[in-house]
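A short worksheet on the structure shown next.
Throughout, protein chains are lettered first and strands after them, A, B, ... in sequence-line order, and every chain is numbered starting at 1. Computed from heavy atoms alone, side chains included, the values below leave out hydrogens, waters and symmetry copies.
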2 protein chains.
Amino acid sequence: MTVFDPRDRVTLADVAAHAGVSVMTVSRVVNDRPGVGEGTRVRVQGAIAALGYRPNIVARGLKARRSRTIGLIVPDVTNPYFPEIVRGAEDVAIAHGFTLLLTNVIEDVEREVAALEAFEDRRVDGVIACSPRLVSERLEELLERHHAAVIVNRRSRPDIAGSVRIDHEQGMRQLIRHLVATGCRRLGVLAGPVHSFAARERMLGIDRETREHGLDLPDERIIVSAPTVDGGEIAARALIRRDPEVDALVCFNDLVAAGALSALAELGIAVPDEVAVVGYDDIPFARMFTPPLTTIRAATYDLGRHAMTMLLERMAGRGRGVDIVLQPELVVRASTRHRLAAPSGGVISL
Amino acid sequence: MTVFDPRDRVTLADVAAHAGVSVMTVSRVVNDRPGVGEGTRVRVQGAIAALGYRPNIVARGLKARRSRTIGLIVPDVTNPYFPEIVRGAEDVAIAHGFTLLLTNVIEDVEREVAALEAFEDRRVDGVIACSPRLVSERLEELLERHHAAVIVNRRSRPDIAGSVRIDHEQGMRQLIRHLVATGCRRLGVLAGPVHSFAARERMLGIDRETREHGLDLPDERIIVSAPTVDGGEIAARALIRRDPEVDALVCFNDLVAAGALSALAELGIAVPDEVAVVGYDDIPFARMFTPPLTTIRAATYDLGRHAMTMLLERMAGRGRGVDIVLQPELVVRASTRHRLAAPSGGVISL
DNA sequence: AAAGAGTTCGTTATCGTTACCAGGTGCCTC
DNA sequence: GAGGCACCTGGTAACGATAACGAACTCTTT
């Protein structure tokens, strides 16, 4: 009895020998190319089935200089915001016969560089980078070395990469407007990573909208938070300690808001009566929080779909320079006060 | 000015020409192998840096028949249970210079087969399958064609794949024991996918533990639910309609429990006073639910770490036939009644 | 000074596939 | 019946990297 060793895979040559033809003929049959007689085609197909031949994509990739693989960089799949993007991108990729090389970079710039270089070494056909933290100059330098690239949630030079993003400034403006309309005046901000483009855009929205409402937002009421539940918990405690009078916490994303909710609960501060809380992203669990979270919803799955579709187009050499901007939507839940219940201008006492 | 075309990558030959040596010498320098004089080594390194050479992993893989890539199959990254496993596996993989090929199979057997075949075509060095739905026979047939494999959350023939799993029977028994101790008697079950090994093991635990307590669990109080929030919501409504007298819902996982909590809230049924709810997995958000969810926690990140470590060992030819079983832990939160507050034997009236 | 040992470096063949070109067969046309 | 034109089919050379072997060179040793 012979043991099956996966290292000794069936090759074109094996099939050719079995069918009594040349490797080229088999190659033509495998790739459904013309130039093979009906009789031999059937015979070769029989041999392929009999030996269980499967083409070696590595060898094919070496020859063709294409790997039918796409690299996808994500800050952290553990953040429920990103899996939706992954799903959207993957569904499109698989439908076109591509496979995904996924890398989490854990909000770490070094790992981002390493991931882009690893993709380069593997000769991926294209790259999608989600919410990259790298400075533009370095990022562009690395993306330029790829055949095609798309950046999610950040603007980019159209000759280097396409971009698909959400209008975070408008999203934040909607949240601030809602908070103001429900009577909040003394806002606290749990901001995101400084190097994050999305964080800067959101901060811009906060800044402009508060200014337009004539609200004061001093630096001591802005705290940088890690974009995680734990980060939000720590940041919220710090902010409350600095200024116990805040009546709303504007959080970088829903995870940070989740942490803030935990912290407020433990501090015995009522949400939204004493302090309102808003998140960003509308992750699937935002509606399950205690209380359910007011937040901004973007079509995340579509973000992934668009990104992959655009990448495939750019890989095919078409549609250079596209920049898709999706508009987000305000989702009001119980973590902010009801519009009518809030007499403007002050904190409601219990 | 010449435009940089990523298709014309720098090769060993280019470096060799630039340094005035043969390709073999360059290859030796790149791979840090002996047999190169100090002077030439420095000169070659200079050429590598000057041209920005990066080895072509595809070509290397063809020759070496190893791709330094590992295929990872996950039912759905959208379920927060799995990203933790991915992270655990990825951290170990990256530390060893491997890259992950990730595929979501969306609880679909066909996509599972397709993914395993795609991995085969790409000549991955090993495969990790999380909670596979395929029947054992077919799964083993496909895994056998890979150099090395590890199955997560399911037992397997040790010669074909290693396994790392959680003792789901014990986990479920703990939950049932807790429910019984807090006075629940008329349990309803929102069971998971029929083809899921984990679902069967959990069902076994429910079955045995209820039997040992002399409880009755008729078929009409068991409903199969899709392992998602929406699935849980639908299933919970259906179960309550069938039997409005249930005093506890045992859910396949935390997502299903989240759906059940939503349904109960909308039906105006108090949790845990009228109906207690338990989940399974302790996803990061379980503590944020309304009310926070009593569930079973397993070291998910470790599950991924162990799986990858075991896979690397099997790839190296060591440690065949390992089967790691992790014991889960009961996490009591507010979705179940307090032990003391529950007079045994009946439903508490409001 | 010659032989031996050790080092440095290059040549060749190969991994599995496909592009390109050349050879062969049958059939139609004038 | 010879030339021409389709159509099949096969040989060869790449794609980029490396293992194995062997040549050339340096240095030591007797």
Taking 4.0 Å as the cut-off, does a side-chain nitrogen or oxygen of [X] come that near to OP1 or OP2 on [N]?
X       : N      : result
B:Asn31 : D:dT18 : yes
B:Thr40 : C:dC9  : yes
B:Ser22 : C:dG10 : yes
A:Ser27 : C:dT18 : yes

Interatomic distance, [X] [atom1] vs [N] [atom2] [rounded to whole Å]:
X       : N      : atom1 : atom2 : result
A:Arg41 : D:dC7  : CZ    : P     : 14 Å
A:Asp32 : C:dT18 : CG    : P     : 12 Å
A:Leu12 : C:dT17 : CG    : P     : 4 Å
A:Arg60 : C:dC15 : CZ    : P     : 18 Å
A:Ile57 : C:dC15 : CD1   : P     : 20 Å
A:Leu62 : D:dT18 : CG    : P     : 12 Å
A:Arg65 : C:dT18 : CZ    : C1'   : 13 Å
A:Arg68 : C:dT18 : CZ    : C1'   : 15 Å

For [X] against [Y], the heavy-atom pair lying closest together:
X        : Y        : result
B:Val23  : B:Ala16  : N-CB, 3.8 Å
A:Ala161 : A:Leu143 : CB-CD1, 4.1 Å
B:Asp14  : B:Arg9   : OD2-O, 3.7 Å
B:Arg122 : A:Val58  : O-CG2, 3.6 Å
B:Arg133 : B:Pro193 : NH2-CG, 3.9 Å

> Is a donor-acceptor pair below 3.5 Å formed from side chain B:Arg28 to base C:dG10, judging by atom type as modelled?
Replying inline: yes

>> Whether the side chain of B:Arg123 and the base of C:dG16 hold a donor-acceptor pair under 3.5 Å is what I'd like checked.
In response: no

>> Against B:Arg154, only a single residue in B:Ser136, B:Ser131, B:Ser196 fulfils side-chain hydrogen bond (donor to acceptor under 3.5 Å, both in side chains); can you say which?
In response: B:Ser136

> Just one of B:Asn153, B:Thr300, B:Asp76 clears the side-chain hydrogen bond (donor to acceptor under 3.5 Å, both in side chains) bar with B:Tyr81, so which one?
Replying inline: B:Asn153

Using a heavy-atom cut-off of 4.0 Å across all strands, would you classify [X] as base, sugar-phosphate, or nothing?
X       : value
B:Gly35 : base
B:Pro34 : nothing
A:Val21 : sugar-phosphate

>> Are the side chains of B:Pro132 and B:Ile151 in contact, using a 4.5 Å heavy-atom criterion?
In response: yes

> Bend angle of the helix from C:dA1-D:dT30 to C:dC30-D:dG1 from five-pair axes at both ends, rounded to 10°?
Replying inline: 60°

>> What's the closest nucleotide to the side chain of B:Val23 if the choices are D:dA17, D:dT18, C:dA19?
In response: D:dT18

> With respect to the side chain of B:Met24, which nucleotide from D:dT12, D:dC15, C:dG10 is positioned closest?
Replying inline: C:dG10

